[in-house]
Amino acid sequence: MNQVAINQSANAALDPVDQAVISQALIAAAREMGVKLIRSAYSTIIREAADASAVLFDHQGRVIAQSELIPMQLGPMSEIFRSCAAKYPIEKLCDGDFYISNDPYSGGQHLQDVFIFSPIFLDEELVGFAGTVAHHLDLGGGNPGLTTEAVDVHAEGLIFPAQCYNHARDWESGGALRNLVAANIRVPAQTIGDFDAQFAAQSVGGERLKQLCRKYGVAVMRQAMDGLIAYSEARVRSVIASLPDGTYEGEDFVDDDGITDTPLRVKARVTVSGDTIDIDFEGTCEQVKRNLNCPWSSTIAAALTAVKAALTPPDIPFNEGLKAAVTIRAPKGCLVNPSYPAPVRARMEAAYRAFNAVLKALAGIVPTNVIAGGNDSTMVTSISALKNGRYRVYLEVYGGGYGASNILDGCDAVDSPLSNCTNTPIEATDMDFDHFRVIGYGLTPDSCGHGKHRGGLGFFRSFEILADGVNFAMYADRFRIAPYGLFGGTDGVPGRCEVLRGGKIISIKSKDSAILCKGDVLTIYTAGGGGYGSVRERNPAAVAHDVKHGYLSAATAAGAYGTTG
């Protein structure tokens, strides 16, 4: 169909082939934005670990297409967009303007995830928005990279309330916003470079959308966007409608709040009714004083990810339509819907428990679609040093073992489902940092849970500290409460962190900080995943394979399965 014919059909039903072609072009544009953002970034947390995401919106601010990068960052994109648009109406925007926010109490998550949205104009007509979010290494706060003891959100870094700026006036060299950001962070070259990478990615997305609008016409593009949203909604509702009506419950626990040893309960009640799902977190513990609190948009993302992962085919595009059939609620002031000004930096730990609680509830509906508990924790470590008046901030996100499923063993040593970051190569850290070096990195044998299918193995990474006064900070979970097995599978092995100093082992708590000395060896161990099904059902050949490759010791295999294969 040529452009004239397509434009003439704008008010008629869009041809299914045209709908499919345009839909895939939009998704491809969002993916290209994600690639551009990662390849343009300065910091290892984005350039190597890919802790960033990208989205295309329609002219109303509805999510149309996204890069498949970080599920936690993508779910609430439209929520934070709406908080910006409420203060600065869309109709007043000009070419070159942009929204920016990282405020956890205005639709954001934690301060390090900064959301930026740029309007896309074609011949002065608003045709959509390009949005990105990136985790920034340092945004100020009380400690380089990570503040474990922040008493409120203000102690965690620089807050961008929902604001509107102009790129040429406020950001380009000498711009007031750019200067303000640079003056409040410890690694300005890296952080400003990562902001520039976000703008570059949004420029790519804007150009791709304009190319599509020139080819097909704005009216047809809007119709195709509506169709893509409706397609996702219809498929999700169809899946839900096939489930039995009923109410199902699940719960899981964060190890502790970093102050006491009391576990933090997250409870989910999932109700299926017709073609809708209602998720209620009533019964979750109250918010805490440390940074484990999970902002509401993060809870939404965690719950939606669980629903999509367990219930829907992977080919359903994640856009505004997926959310339409799902209602999510939680009491204000609880761990997964905290009140201002509670600190939220480590919100992923509670978000994962929300994810786990929903999956446990869904296990009562679709037992073959869920997985056992895994590492399911964002272990964030920051190893920072001040040398010759200049900070060097290394921050990394670690995964561990996946929980096993009905058909497969859990993946070994990968990031957990909500985060989806990659491991930073040792070569990259050697190139960028001289206050430590990696001296050990590998899978942790025997760290998995057992069953018909075993959980994934956790891993370890060891750092030799090369200078005195190195600042180490960490938040993690699954150190005390093991990843759970399902349907007869056994639990995985919890993680831990320790420092070897002068021949003695010093244990580091899961939510703590320490000053390291030259010669210290810091080692982190991430948790292994839980098993699925009875150990009696495991294929002896699979046990033999694991023993042969060193995943299981002969003693562990014999104890768990009664055989070494």
Side-chain angles (χ1 to χ4, degrees), residues 20-58 61-81 98-99 108-109 112-120 128-136 194-212 224-225 228-229 231-232 297-298 300-302 304-305 308-309 312-323 397 399 414-423:
V21 169
I22 295 172
S23 295
Q24 291 304 311
L26 290 166
I27 294 170
R31 290 172 177 164
E32 186 181 359
M33 289 172 64
V35 171
K36 180 68 172 179
L37 173 52
I38 291 166
R39 295 185 65 180
S40 302
Y42 281 52
S43 67
T44 55
I45 192 67
I46 303 175
R47 188 185 74 230
E48 305 292 349
D51 195 348
S53 298
V55 169
L56 278 178
F57 300 82
D58 69 1
R62 298 180 300 171
V63 173
I64 299 299
Q66 64 182 37
S67 57
E68 291 88 353
L69 289 170
I70 310 295
M72 174 54 66
Q73 294 172 340
L74 290 163
M77 275 283 202
S78 55
E79 278 72 22
I80 198 164
F81 178 92
F98 63 89
Y99 293 142
Q109 302 216 1
Q112 286 64 38
D113 285 347
V114 180
F115 294 77
I116 304 177
F117 310 98
S118 298
I120 304 167
F129 289 84
T132 59
V133 54
H135 181 115
H136 291 274
D194 287 346
F195 274 106
D196 285 339
Q198 289 187 253
F199 287 119
Q202 290 174 195
S203 178
V204 167
E207 186 55 38
R208 294 294 176 264
L209 183 55
K210 286 189 282 188
Q211 289 171 352
L212 289 169
M225 291 177 184
L228 183 55
I229 291 174
Y231 171 77
S232 291
S297 62
S298 295
I300 292 172
L304 286 174
T305 300
K308 189 177 192 310
T312 72
D315 64 325
I316 298 181
F318 195 124
N319 57 40
E320 208 73 27
L322 185 139
K323 306 175 186 180
V397 176
V414 294
D415 198 9
S416 303
L418 293 179
S419 307
N420 200 38
C421 293
T422 62
N423 291 332

Exercise. Could you walk me through whether Val55 and Thr132 pass the side chain to side chain contact (heavy atoms under 4.5 Å, CB included) test, one step at a time?
Key: CA-CA 6 Å; Val55 169; Thr132 59; over 6 Å; no
Quiz item: Which is it for Met225 and Ile229 under the side chain to side chain contact (heavy atoms under 4.5 Å, CB included) test, yes or no, and what are the steps along the way?
Solution: CA-CA 6 Å; Met225 291 177 184; Ile229 291 174; 5.6 Å; no
Exercise. Apply side-chain hydrogen bond (donor to acceptor under 3.5 Å, both in side chains) to the pair Lys323 and Ser78, showing each step before the final yes or no.
Key: CA-CA 11 Å; Lys323 306 175 186 180; Ser78 55; 2.8 Å; yes
Exercise. For Ile70 and Asp51, run side chain to side chain contact (heavy atoms under 4.5 Å, CB included): C-alpha distance rounded to whole Å, both residues' side-chain angles, the deciding distance at 0.1 Å, then the answer.
Key: CA-CA 7 Å; Ile70 310 295; Asp51 195 348; 4.2 Å; yes
Exercise. List the steps and the verdict of side-chain hydrogen bond (donor to acceptor under 3.5 Å, both in side chains) for Ser297 and Glu79.
Key: CA-CA 7 Å; Ser297 62; Glu79 278 72 22; over 6 Å; no
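A donor and an acceptor atom, one from each side chain of Gln198 and His136, are located under 3.5 Å apart.
For the pair Ser419 and Asp415, the tightest heavy-atom approach, listed with the atom from each and the gap, is CB-OD2, 2.8 Å. Here the shortest heavy-atom pairing between Gly108 and Ile80 reads CA-CD1, 3.4 Å. Here the closest heavy-atom approach between residue Ile38 and residue Ala50 is recorded as CD1-CB, 3.6 Å. When all heavy atoms of Ser232 and Asn319 are compared, the pair lying nearest together is OG-ND2, 3.1 Å. The two atoms that bring Gly128 and Leu209 nearest to each other are CA-CD2, 4.0 Å, heavy atoms only. Taking each heavy atom of Phe129 and Pro119 in turn, the nearest pair found is CD2-CA, 3.5 Å.
Using a 4.5 Å heavy-atom threshold, the side chains of Glu320 and Ile64 count as separate. At a threshold of 4.5 Å between non-hydrogen side-chain atoms, the residues Asp196 and Ser40 do not count as touching. Contact of the Lys36 side chain with the Met33 side chain is not registered, since no non-hydrogen atoms from C-beta on lie closer than 4.5 Å. Leu56 has its side chain out of reach of Val63: every pair of non-hydrogen atoms, C-beta onward, lies at least 4.5 Å apart. Residues Ile116 and Gln202 are in side-chain contact: their nearest non-hydrogen atoms beyond the backbone lie under 4.5 Å apart. Contact of the Met72 side chain with the Gln109 side chain is registered, since non-hydrogen atoms from C-beta on lie closer than 4.5 Å.
Listed for the Thr422 side chain is a donor-acceptor partner under 3.5 Å among the backbone atoms of Glu48. Using a distance-only test at 3.5 Å, with no hydrogens or angles considered, a donor-acceptor pair links the side chain of Asp194 to the main chain of Tyr42. Thr305 contributes a side-chain N or O that, together with a main-chain N or O of Ala301, makes up a donor-acceptor pair within less than 3.5 Å. Judged purely by atom type and a 3.5 angstrom limit, Arg31 has no side-chain atom pairing as donor or acceptor with the backbone of Ser67.
Legend: residues meeting salt bridge (Lys or Arg N to Asp or Glu O under 4.0 Å) with Glu32, ordered by chain and number and at least two apart, are Arg208. Residues meeting the side-chain hydrogen bond (donor to acceptor under 3.5 Å, both in side chains) test with Ser53, sequence neighbours left out: Gln73.
Taking CZ of Phe318 as the reference point, atom OG1 of Thr312 lies at 9.0 Å (rounded to 0.5 Å).
None of Phe115, Phe98, Phe117 except one satisfies the ring pair (Phe, Tyr, Trp, His ring centres under 6.0 Å) rule with Phe81; the exception is Phe117.
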